[in-house]
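Encoded as structure tokens, the structure appears first; notes follow it.
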Amino acid sequence: GVESTLRPSDRVLVSCRDVRDGDGKRKALVWEKATVRYVGNVDGQNGTWIGIEWDSAERGKHDGEVGGRRYFSCKKTWAPAPASFVREKRLKRGGSLVEEIKYKYCGSLDEDELECDMFIHTSSNHRLPVTLVGQDSILRQQSVLDELKAVYLNGSNLTHMGPAGEVSEVVPKIAELDLSSTLLGSWREVARLSAELPRLTLLDISRNDIDWAGSAAGGVVFANLRALVLNNCLVDWQTVACISANIPNLRELHVAGNRIASLRCEDVERSFGGVEALHLEENLISDWSEVETLASLPRLKKMYLGSNLLTEIARYSEENRPGFGALETLFLSDNALGSWADVDALHHLQGLKEVRVSGCKFLEKLDMVASRLSVIARLPNVTRLNGSAVTNKERVDAEIGYLGEILTESVGKEIREVEAKHPQFQRLLKSYGNINKNVARGGAGGVQDRTTIGKTLLALKISCVAALGDPQPLSEIKKKLPSNLTLNKLRTLLQRLFKVSGARVFLRREGDDEPEELVHGEDTLQQLGVENGHSLLVTES
């Protein structure tokens, strides 16, 4: 028979089943994407067979081994049966970049496609029609292609870039290009776009089965590219490092879903020194020491580590700082972090403003509100948590509540022991009141000075009234507050709780004819004579 023109690593479409109408007449074939892994004979079968690895791993029947003989291996090593043998007549190749662009943006479209693909925007924000009819359609088509700046070929049958010079001649202004889930199979083919599209700033080749040969070659590629998306490409970190090192203006890098476990490479600053946003979601990173290999990157502002396997964050101190000097955003959602000490460790990332930790193990027993407040209290510099801005009210409530918890659980304990467990303790005391110093008697009648936590929580009934003497309060709450909370801090808290513009606070003692107004703002509740079980009245000032 005729020798096959297919070679291993070729990307192909495989006819799978007919789509038929109600009368049983064929309407269309269904085509699925796959990569050629083997071309040759199969024991006990006639002719040439093509061994393929499906893009959809669940479609296969084996992993390249049949009848005790291994014909080929698959990239999807975790999938039990991602492969099949088929005849070549069931396969076809895809088109070139220009062919696929013309098919999508200039071809015959049904009404649904017309609705979403009718226009493109020029540099002056004018809309040009994409679907072309009439005697001047060729000229108008060329006008459309000349002005294309953003091209989205997600899911198309693109296989190759076509003849040299064709892309730059037909679509010279492309700046954003989405080639995800196509039939691209070679980095060398992708790299050809570097010369063809000098204006390219964003390139997405996610979910392609790429042969990465040639990625380690030296020399600048994509000189103006700022964002590269390599999600779900089965690319290893060493290859990512080689590619990134050759893209001089790369600022945003996406490598999610690539089963990456290690982030070590030969020269991290050469490879990633310009990167500002690094997306590493849905990989297999389990050890924080791998993350620390990126700590010296001078421009890294945003790091996305959600849905990895991290179990612990290293413990830092003033003497042992973590690096990451530019880091402002850190996403850690859906990892296996199991301790509040992991959150405390993040405080040492001094520039950190935004954090996501939802879905982590240490939050399992808390409701959404309690978990949010507990994180806010431990990270004083964070202004955005789990996608929402941290309000001033939240922070005050969170910090007072956290301080109350510390004081409750720490009665009689040494201050150093409390500080070791709660690194924010001294900061909270400074903000919300002074600690009591007690003197404990030492052995042999001696006196040993030490600082301990006393019983300092006060259970209070607080009523908001329109005016003193009103029999019915507007609102009433019961709350436990630290006895070393200052009156000024209390006023701020009450303004938020009762939504009043200013708060005058009165102390009502049992047996008193009139409540006493509390006026010395820097005094603590204890200094003002407030005791457990007392009532406070609040009026708007």
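For reference, positions follow the sequence shown, starting with 1.
A salt bridge is absent between Glu354 and Lys302: the closest approach of a Lys/Arg side-chain nitrogen to an acidic carboxylate oxygen does not fall below 4.0 angstrom. A salt bridge does not link Glu53 to Lys75: none of the charged nitrogens lies less than 4.0 Å from a carboxylate oxygen. In summary, Lys353 and Glu328 do not engage in a salt bridge, as defined by a charged side-chain N under 4.0 Å from a carboxylate O. With respect to the salt-bridge test (charged N to carboxylate O, under 4.0 angstrom), the residues Arg372 and Glu394 qualify. Residues Glu176 and Lys149 are not paired through a salt bridge, judged by the lack of any N-O separation under 4.0 Å between the basic side chain and the carboxylate. The pair Lys421-Glu409 meets the salt-bridge criterion, since a charged nitrogen lies less than 4.0 angstrom from a carboxylate oxygen.
Within a 6.0 Å sphere centred on CZ of Arg315, heavy atoms belonging to other residues, nucleotides or ligands number more than 12. Around atom NZ of Lys76, more than 12 heavy atoms belonging to other residues, nucleotides or ligands sit under 6.0 Å away.
In this structure, Trp237 and Phe272 have parallel ring planes: the angle between them is below the 30° cut-off, well short of the 60° mark. Using bins of under 30°, 30° to 60° and over 60° for the plane-to-plane angle, the ring pair His279/Tyr304 lands in the parallel bin.
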Can I get a per-line list of side-chain donor-acceptor pairs under 3.5 Å for residues 211-222, giving both atom names and the distance, sequence neighbours left out?
{"from": "Asp211", "atom 1": "OD1", "to": "Ala213", "atom 2": "N", "distance (Å)": "3.1"}
{"from": "Trp212", "atom 1": "NE1", "to": "Ile210", "atom 2": "O", "distance (Å)": "3.4"}
{"from": "Ser215", "atom 1": "OG", "to": "Trp212", "atom 2": "O", "distance (Å)": "2.8"}

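Looking at Asp178, its side chain never comes within 3.5 Å of a backbone N or O of Leu153 through a donor-acceptor pair. Remark: side-chain polar atoms of Asn308 are paired, donor with acceptor, to backbone N or O of Ile285 under 3.5 angstrom. When atom types are taken as modelled, the side chain of Asp470 and the backbone of Ala467 share a donor-acceptor pair closer than 3.5 angstrom. With hydrogens and angles ignored, the 3.5 Å screen pairs no side-chain donor or acceptor of Asp397 with any backbone N or O of Leu493.
In this model, a donor atom of one side chain and an acceptor atom of the other lie less than 3.5 Å apart for Glu522 and Asn488. Between the side chains of Ser317 and Asn320, no donor-acceptor pair of N or O atoms lies under 3.5 Å. Of the N and O atoms on the side chains of Glu269 and Ser296, at least one donor lies less than 3.5 Å from an acceptor on the other residue.
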Original post:
Step by step, would you call Arg508 with Ser535 a side chain to side chain donor-acceptor pair (under 3.5 Å)?
Top reply: CA-CA 5 Å; Arg508 173 183 284 164; Ser535 297; 5.9 Å; no
Subject >> Arg11 and Thr35: CA distance, side-chain angles, deciding distance, side chain to side chain donor-acceptor pair (under 3.5 Å) verdict >> reply: CA-CA 5 Å; Arg11 298 278 286 152; Thr35 302; 2.8 Å; yes
Original post:
Going through the checks in order, is the side-chain contact (heavy atoms from CB on, under 4.5 Å) test met by Gln495 and Ser501?
Top reply: CA-CA 6 Å; Gln495 287 171 27; Ser501 58; over 6 Å; no
**OP:** Would you check, one step at a time, whether the test salt bridge (Lys or Arg N to Asp or Glu O under 4.0 Å) holds for Arg226 with Glu252?
**Re:** CA-CA 6 Å; Arg226 297 184 66 82; Glu252 185 173 337; over 6 Å; no
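At least one test fails for Arg321 against the ring of Tyr316: distance under 6.0 Å to the centre or angle within 45° of the axis.
With sequence neighbours excluded, no residue forms a ring pair (Phe, Tyr, Trp, His ring centres under 6.0 Å) with Phe506.
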